[in-house]
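Please see the structure below; I have some questions.
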Amino acid sequence: MADVKPPLSPDAMQGVVPTAAPIPGVPITIPVVSPPGSVPPTSPEEKSESVEPEYACETLYIQNLNEKIKIDVLKATLRSLFKSYGEVVDVVAHSNLRMRGQAFVSFSSKESARTALKDVQRFPLYSKPMQISFARKRSDAVVKKLDPSQYDGHKEARDEHKKRTRYTNPLKQKFKAKRMMDGAAAMLAPKRPNVQMPDEYLPPNKILFLQNLPESVTKEQLVALFSQYPNLYEVRLIPTKRDIAFVEYFDESSATVAKDALHNYKLDGENKIKITFARK
């Protein structure tokens, strides 16, 4: 005679999930219940963004900078932009082909660099969103300021690394090959005079370029002036050059209306504002 199991007590019934007979052709799914207080798993993207790299330091590496901006102007703009996050120890940017469109900004503390990276990431500087990450090594200026006793060893190791990778660095090889190809193409191409189209004849653009502005002009004044015309998107001042600015609309037709209406407008009662379409 088969053993007969006694019925479960009410206490033993707690936590038992009642089941039903499976239906043919229908898969059985078992719900997964997280324990109280557990944190749901994050996606790979969220995890990669939240984890700080081991080599995080006081120096930020910035890419996708506007290559048409002069180096001294670019460095001054970056220093002015980042100084609100802490002491800026150094700004490094070069005009050579390998470093074009890139820069390094060094702070006196890692906390300042971390905050600046978070707040300024993708900020459109001169119409191009910056791509910011931690530099893989501390800059010479940071080591010299924070760890002066380690500076000689740091510089010696860096010089040795540069000497060792001078001819094997894949980026350098790529740029060298490109430079040789560009040089060969230039020799074969027919010589043409380099004539730049005057600003007054540039094709329509949704971005306006303002010149001859008063030195005391503010962003609020320009917003108030150009918001009289519909579809205004943004007004951008240049921190190191106060007499120029960019005004962007959502479409070319709105920008054209504002340009025609405000060209030669006397903002301060004296100087006429020169307004042209920005170069694409």
Point to revise | Atom NZ of K144 with >12 non-hydrogen neighbours under 6.0 angstrom | key: no
**Study point:** pair R242-L237: side-chain heavy atoms closer than 4.5 Å
**Key:** yes
Point to revise | Short side-chain to backbone donor-acceptor contact, N212 and K272, under 3.5 Å | key: yes
Exercise for review: Measure the shortest side-chain to side-chain distance between Y265 and L225 over non-hydrogen atoms and say whether it is less than 4.5 angstrom.
Suggested key: yes
Exercise for review: Give, for atom CD of Q211 and atom CG of D243, the distance between the pair rounded to the nearest 0.5 Å.
Suggested key: 8.0 Å
Exercise for review: Evaluate the criterion side-chain contact (heavy atoms from CB on, under 4.5 Å) for residue pair K145 and D90; output intermediate values, then yes/no.
Suggested key: CA-CA 10 Å; K145 179 179 178 63; D90 194 21; over 6 Å; no
Exercise for review: Might you work through the side-chain contact (heavy atoms from CB on, under 4.5 Å) test for L210 and L222, ending with a clear yes or no?
Suggested key: CA-CA 10 Å; L210 279 56; L222 293 178; 4.2 Å; yes
Exercise for review: Determine whether more than 12 heavy atoms belonging to other residues, nucleotides or ligands lie under 6.0 Å from atom CD of E156.
Suggested key: no
Check your understanding: What about V105 and V73, same hydrophobic cluster or not, with Ile/Leu/Val/Met/Phe/Trp/Tyr joined at side-chain heavy-atom distances under 4.5 Å?
Key -> yes
**Study point:** Closest non-hydrogen atom pair between G86 and S112, with its separation
**Key:** CA-OG, 3.9 Å
Practice item. Please report the closest heavy-atom contact between A93 and K75, naming both atoms and the distance. Key: CB-CG, 3.9 Å
Study note, to complete from the structure: One should read off an interatomic distance between D119 CG and F82 CZ, to the nearest 0.5 angstrom, of 10.0 Å
Exercise for review: Mind checking the NE2-CG spacing from H154 to D140? Nearest 0.5 Å is all I need.
Suggested key: 4.0 Å
Practice item. Kindly give the heavy-atom pair with the smallest separation between A258 and F226, and that separation in Å. Key: CB-CD2, 4.3 Å
Practice item. Please name the pair of heavy atoms, one in S108 and one in L146, separated by the smallest distance, quoted to 0.1 Å. Key: O-CD1, 3.5 Å
Point to revise | side chain to side chain contact (heavy atoms under 4.5 Å, CB included) partners of P230, counting only residues at least two apart | key: none
Review point. In terms of ring plane angle, is the pair F104 and Y61 parallel, tilted or perpendicular, where the classes change at 30° and 60°?
Key: parallel
Review point. Are I273 and Y249 co-members of a hydrophobic cluster defined by side-chain heavy atoms under 4.5 Å apart?
Key: yes
**Study point:** Check: R136 side chain, Y55 main-chain N or O, donor-acceptor pair, under 3.5 Å
**Key:** no
**Study point:** Closest heavy-atom pair and its distance - S106, T59
**Key:** OG-OG1, 2.9 Å
Review point. Any donor-acceptor pair under 3.5 Å linking the side chain of R79 with the backbone of V88?
Key: yes
Exercise for review: Examine distances only and state if a side-chain atom of S227 and a backbone atom of A224 form a donor-acceptor pair shorter than 3.5 Å.
Suggested key: yes
Check your understanding: Just how far is it from atom CG of N66 to atom CG of L74, taken to the nearest 0.5 Å?
Key -> 8.5 Å
Review point. Are side-chain heavy atoms of Y126 and L65 found at a separation under 4.5 Å?
Key: no
Point to revise | Within-4.5 Å side-chain heavy-atom neighbours: E270 and P214 | key: no
Check your understanding: Rounded to the nearest 0.5 Å, how far apart are CG of L78 and CG of L125?
Key -> 6.0 Å
Check your understanding: Does the cation-pi check pass for K259 over F277, that is, NZ or CZ under 6.0 Å from the six-membered ring centre and within 45° of its axis?
Key -> yes
Review point. Where is the tightest heavy-atom contact between N64 and P129, given as atom of each residue plus distance?
Key: ND2-O, 2.7 Å
Review point. Do the side chains of M99 and L60 join up, straight or via other hydrophobic residues, at under 4.5 Å, putting them in one cluster?
Key: no
Review point. Checking side-chain contact (heavy atoms from CB on, under 4.5 Å) for the pair Q121/M130: CA distance, chi angles, key distance, verdict?
Key: CA-CA 6 Å; Q121 183 72 268; M130 293 184 289; 5.8 Å; no
Exercise for review: Give, for atom CG of N271 and atom NZ of K266, the distance between the pair rounded to the nearest 0.5 Å.
Suggested key: 9.0 Å
Review point. Transitively linked via ILVMFWY side-chain contacts under 4.5 Å: Y85 with V92?
Key: no
Practice item. Return the set of residues passing side chain to side chain contact (heavy atoms under 4.5 Å, CB included) with Y233 (not counting sequence neighbours), or none when no residue passes. Key: E248, F250
Check your understanding: Do you reckon I69 sits in the same ILVMFWY cluster as I238, going by side-chain contacts under 4.5 Å, direct or chained?
Key -> yes
Point to revise | Set of side chain to side chain donor-acceptor pair (under 3.5 Å) partners for R114, sequence neighbours left out | key: E52
Practice item. For the residue pair I207 and R236, establish whether any side-chain heavy-atom pair is separated by less than 4.5 Å. Key: yes
Exercise for review: Evaluate side-chain contact (heavy atoms from CB on, under 4.5 Å) for V89 paired with E58, printing each intermediate quantity in order.
Suggested key: CA-CA 9 Å; V89 177; E58 299 87 351; over 6 Å; no
